[in-house]
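So the structure is just underneath, and the comments pick up after that.
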Amino acid sequence: MLSDGPTDYTKIKAQVDAKNVTWDVTDTDTLWAKRECGKLLMPLDPKIVDTSKLPKDMGASAPYRP
């Protein structure tokens, strides 16, 4: 695992626009994540990423919970 931070939203947009995404998972604030889910962000695939340890208050409505 490589770490590149802090999270820079302009880097995420540039990666998506260039179709050269190098980040698989990123730490963002909830409001930005909800707004960009399906645009710049995709939901986490629970078959690949263990979401069982996410805080319970994030609930099913969060963009990264199935």
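Note that the coordinates shown come from a computational prediction; the quantities given were computed from them, not determined experimentally.
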May I have the step-by-step check of side-chain contact (heavy atoms from CB on, under 4.5 Å) for Asp29 and Thr7, ending in yes or no? CA-CA 10 Å; Asp29 70 79; Thr7 301; over 6 Å; no
Any chance you could lay out the side-chain contact (heavy atoms from CB on, under 4.5 Å) test for Leu40 and Trp32, step after step, and finish with the verdict? CA-CA 10 Å; Leu40 296 179; Trp32 189 84; 4.0 Å; yes
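A pairwise comparison of heavy atoms in Gln15 and Trp23 identifies OE1-N, 3.4 Å as the closest pair. Residues Ala33 and Leu41 share a closest heavy-atom pair of CA-CD1, 3.7 Å.
Here the straight-line distance linking atom CZ of Arg35 with atom OG1 of Thr30 works out to 12.0 Å at 0.5 Å rounding. Asp8 CG to Thr26 OG1: the interatomic distance, rounded to the nearest 0.5 Å, is 9.5 Å.
Judged as a side chain to side chain donor-acceptor pair (under 3.5 Å), and not counting sequence neighbours, Asp24 has no contacts.
A single hydrophobic cluster is not seen to contain both Leu31 and Tyr9; linkage of ILVMFWY side chains at heavy-atom distances under 4.5 Å, directly or through other members, places them apart.
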